[in-house]
Number of protein chains: 2
Amino acid sequence: MTTIKDVAREANVSISTVSRVLNGSGYTSEETRQKVYQAVEKLNFKRNMIAAAMIKKQTSTFGLIIPDIKNIFYADLTRAVEDTANQHGFNIVLCNTDNNLTKEAEYIDFLIAKGVDGIIFSTPEVKDKNIKQVVEEYPDLPVVILGSKIPGVKINEILVDNFEGGYMATNHLLELGHKKIAFISGSADSYASIERYKGFQSALADKKIKIIEDFVIFDKFYIDSGYKNGLKLLSRQDRPTAIFAASDAIAVGIYKAARELNLKIPEDLSIIGFDDSQFADIVFPPLTTIHTPIIEMGNRAMEIAIKTIKEKSHVKETIVFYPTLVERESTRKLDEGGCHS
Amino acid sequence: MTTIKDVAREANVSISTVSRVLNGSGYTSEETRQKVYQAVEKLNFKRNMIAAAMIKKQTSTFGLIIPDIKNIFYADLTRAVEDTANQHGFNIVLCNTDNNLTKEAEYIDFLIAKGVDGIIFSTPEVKDKNIKQVVEEYPDLPVVILGSKIPGVKINEILVDNFEGGYMATNHLLELGHKKIAFISGSADSYASIERYKGFQSALADKKIKIIEDFVIFDKFYIDSGYKNGLKLLSRQDRPTAIFAASDAIAVGIYKAARELNLKIPEDLSIIGFDDSQFADIVFPPLTTIHTPIIEMGNRAMEIAIKTIKEKSHVKETIVFYPTLVERESTRKLDEGGCHS
DNA sequence: CTCCTTAATGGAAACGTTTCCTTAAACCTT
DNA sequence: AAGGTTTAAGGAAACGTTTCCATTAAGGAG
């Protein structure tokens with residue numbers, strides 16, 4: 001392995017001079033610069049960032065903690081985060097926690113030990129103690145939470161207006177004439193679930209429609225959960241005429257359940273999703289859903305983290321993005337023709 | 001920041017002793033061990049892995065280079081790789097190249113500079129010069145290529161038998177009575193494309209059926225590419241009765257095209273995919289496809305990389321997994337009833 | 001009792017950089 | 001011409017560990 005020392009010898013200058021030209025810091029003459037570059041070339045010198053990190057206390061690396069990269073939502077998010085990291089000369093180490101707090105804590109320890117320059121969390125749980133602890137224990141470490149928030153913890157937050165999204169989705173169904181609307185969501189402790197449900201409640205309340213208790217289900221944000229709960233709900237005598245699925249994955253599960261029960265979408269059942277992920281446009285009929293600006297959010301999260309480093313700033317930002325309704329073909333006006341009471 | 005030095009002082013032992021108990025190396029007495037642990041606890045000491053890496057030349061980090069994590073195939077693969085890395089105490093830094101060789105080269109430089117313990121490539125291009133170069137320049141760096149191979153480069157390889165998969169897929173269609181079979185694939189320079197096409201050719205040849213030139217298309221492994229080319233193919237007078245899509249994503253695109261042209265799957269058109277990704281079971285009708293053991297492959301790739309490090313071994317392995325046909329509902333016997341010539 | 005092995009610990013070099021502090025030459029300013 | 005400023009470059013400490021080597025005490029074998 002050739003070091004800066006070898007380069008110095010080859011170029012007939014001191015070690016510090018080599019470091020200066022390689023980093024473009026301090027004063028260097030054109031002549032020495034050339035000598036150094038030539039030596040670097042000749043010896044095929046490669047910088048050792050870990051030695052540099054040792055003294056600079058900067059690794060150009062961020063940790064990204066998510067539940068599961070297999071979940072297409074997080075895959076899209078991760079890509080957005082990684083892209084802007086890369087643009088600024090940073091790398092991402094990927095951590096899948098499966099929402100397991102112990103596993104998350106281990107990852108955090110690891111990341112800290114490795115001296116990451118910051119951590120991006122995109123974990124849904126409102127009660128995540130680990131995040132609170134990191135923020136308290138390492139107040140100088142840039143941390144941003146992406147797509148969720150931890151009550152009582154002062155931290156950079158990137159959010160969608162989940163309440164608004166929930167309201168919009170429900171209202172869309174309401175305007176199509178639906179009254180028996182179900183809500184299937186992920187964990188009741190996830191920020192997204194909570195807020196989207198509030199939006200659901202609010203829209204219903206505004207139209208003076210009572211919520212049917214049995215029609216609201218909190219489970220998991222997965223396809224399977226949509227399938228299981230969809231099956232349960234749709235095989236009832238008094239089944240809902242529309243379902244607000246709090247994620248596209250859940251919606252996809254409901255599609256499957258509906259198909260099994262020979263229910264046509266949207267003729268017999270309207271479904272609206274949330275996220276506007278890749279699934280929404282793959283499925284048939286294409287899924288009406290609430291668009292979340294995932295890419296912008298991911299980019300922004302990373303930008304804030306980097307800005308915090310570069311400006312050594314201590315202010316915490318919270319940025320909220322607005323969701324939009326994208327109408328495709330899984331929702332339609334309630335057909336009241338068949339309504340013989 | 002508290003260091004090993006502080007711990008040593010607190011515990012009234014030497015720095016080397018602290019290091020020994022923390023690493024469980026060399027001789028230490030139970031008594032000193034306790035003293036050290038207490039001091040660690042009291043001072044809330046956290047190890048600094050970058051200082052350790054400096055001298056051990058080990059970062060417990062691997063680079064994973066893929067085209068795009070948004071592609072569900074790579075998301076699944078990445079998860080598998082990360083899981084086994086994590087089980088062995090390693091982290092993964094994620095690199096999305098978009099198949100851009102320049103970008104890939106930059107990532108490689110970065111990873112090397114950061115002293116990763118190895119690199120896993122899952123990039124499709126047969127002509128990837130970067131991989132060849134890394135292997136030559138850093139013969140001691142564990143490198144494994146996952147799902148592809150570079151002719152002439154001696155390296156650890158984890159593969160599916162793509163030829164066999166291509167043969168199986170084509171044969172399945174043939175056995176259902178199809179003769180006008182199209183093949184839509186990704187880049188003609190990707191290992192998967194090449195081998196799957198060979199399998200396609202071979203199966204057709206075995207049944208003495210001539211390939212229709214216009215029916216074989218190499219484009220991209222994406223949904224869009226399936227859609228565009230599907231549209232082109234399916235709007236012909238003499239359209240194929242079956243299509244072998246060399247990836248599930250392509251198949252999904254073809255579904256969309258078929259729907260637009262009012263062609264029913266599988267009544268009017270049989271489709272078989274490749275990968276058995278999440279898409280296959282989401283789409284309607286569920287996609288018949290060739291199952292690739294993605295998880296096992298990802299696990300195995302990481303295991304080999306880790307084994308290479310631990311045993312300082314220099315042997316290169318190539319492991320090939322066998323694909324299997326999973327029949328769902330997108331293929332069926334050719335209905336020759338409507339065949340008036 | 002002496003010698004040898006084993007267990008336990010400490011001292012110090014080493015890893016490859018960056019950066020602070022000097023030194024010194026060159027160039028202005030007055 | 002003396003003093004100040006700017007440009008250029010070298011020396012050496014520092015970053016926080018690991019590990020090699022040396023030292024010492026204790027225990028067993030002969």
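Here the structure is a predicted model, which is why all the values come from computation and not from measurement. To find a chain, count down the sequence lines: A is the first, B the second, and so on, and within it residues start at 1.
A heavy-atom distance below 4.0 Å to DNA chain C is reached by none of the residues of residues 106-115 of chain B.
Residue pairs meeting the salt bridge (charged side-chain N to carboxylate O under 4.0 Å, His left out) criterion with at least one partner in residues 53-66 of chain B, sequence neighbours excluded, are absent. Sorted by first and then second residue, the pairs that involve residues 77-96 of chain B and meet salt bridge (charged side-chain N to carboxylate O under 4.0 Å, His left out), not counting sequence neighbours, are A:D68-B:R79, A:D98-B:R79, B:R79-B:D83. Sorted by first then second residue, the ring-ring contact (aromatic ring centres under 6.0 Å, His included) pairs that include residues 81-103 of chain B, not counting sequence neighbours, are B:F62-B:F90.
Here the side chain of B:T78 pairs a donor or acceptor atom with the backbone of B:Y74 at under 3.5 angstrom.
A:N23 has its CG atom 7 Å from the P atom of C:dT19, to the nearest Å.
Legend: residues meeting salt bridge (charged side-chain N to carboxylate O under 4.0 Å, His left out) with A:K35, ordered by chain and number and at least two apart, are absent. The side chain to side chain contact (heavy atoms under 4.5 Å, CB included) check on A:K129 picks up nothing, with sequence neighbours excluded. Among residues two or more places apart in sequence or in another chain, the salt bridge (charged side-chain N to carboxylate O under 4.0 Å, His left out) test is passed with A:E125 by none. Checked against salt bridge (charged side-chain N to carboxylate O under 4.0 Å, His left out), A:R300 has the following partners two or more places apart in sequence or in another chain: A:E303. Legend: residues meeting side chain to side chain contact (heavy atoms under 4.5 Å, CB included) with A:Y138, ordered by chain and number and at least two apart, are A:I112, A:V134, A:L141, B:K46.
The C1' atoms of five pairs define one axis at each end of the helix from C:dC1-D:dG30 to C:dT30-D:dA1, and these two axes lie 40° apart (to 10°).
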With B for base contact, S for sugar-phosphate-only contact and - for none (protein heavy atoms under 4.0 Å), nucleotides 6-11 of chain D reads -BBBBB
What pairs of nitrogen or oxygen atoms, one from the protein and one from nucleotides 14-16 of chain D, lie under 3.5 Å apart?
| from | atom 1 | to | atom 2 | distance (Å) |
| --- | --- | --- | --- | --- |
| D:dC15 | O3' | A:K57 | NZ | 3.3 |

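Within a 6.0 Å radius of CD in B:E41, no more than 12 heavy atoms belonging to other residues, nucleotides or ligands are found.
Salt-bridge annotation for A:D189 and A:K127: present, with a side-chain N of the basic residue lying under 4.0 Å from a carboxylate O of the acidic one.
Judged by the 6.0 Å and 45° rule, B:R9 forms no cation-pi pair with B:F45.
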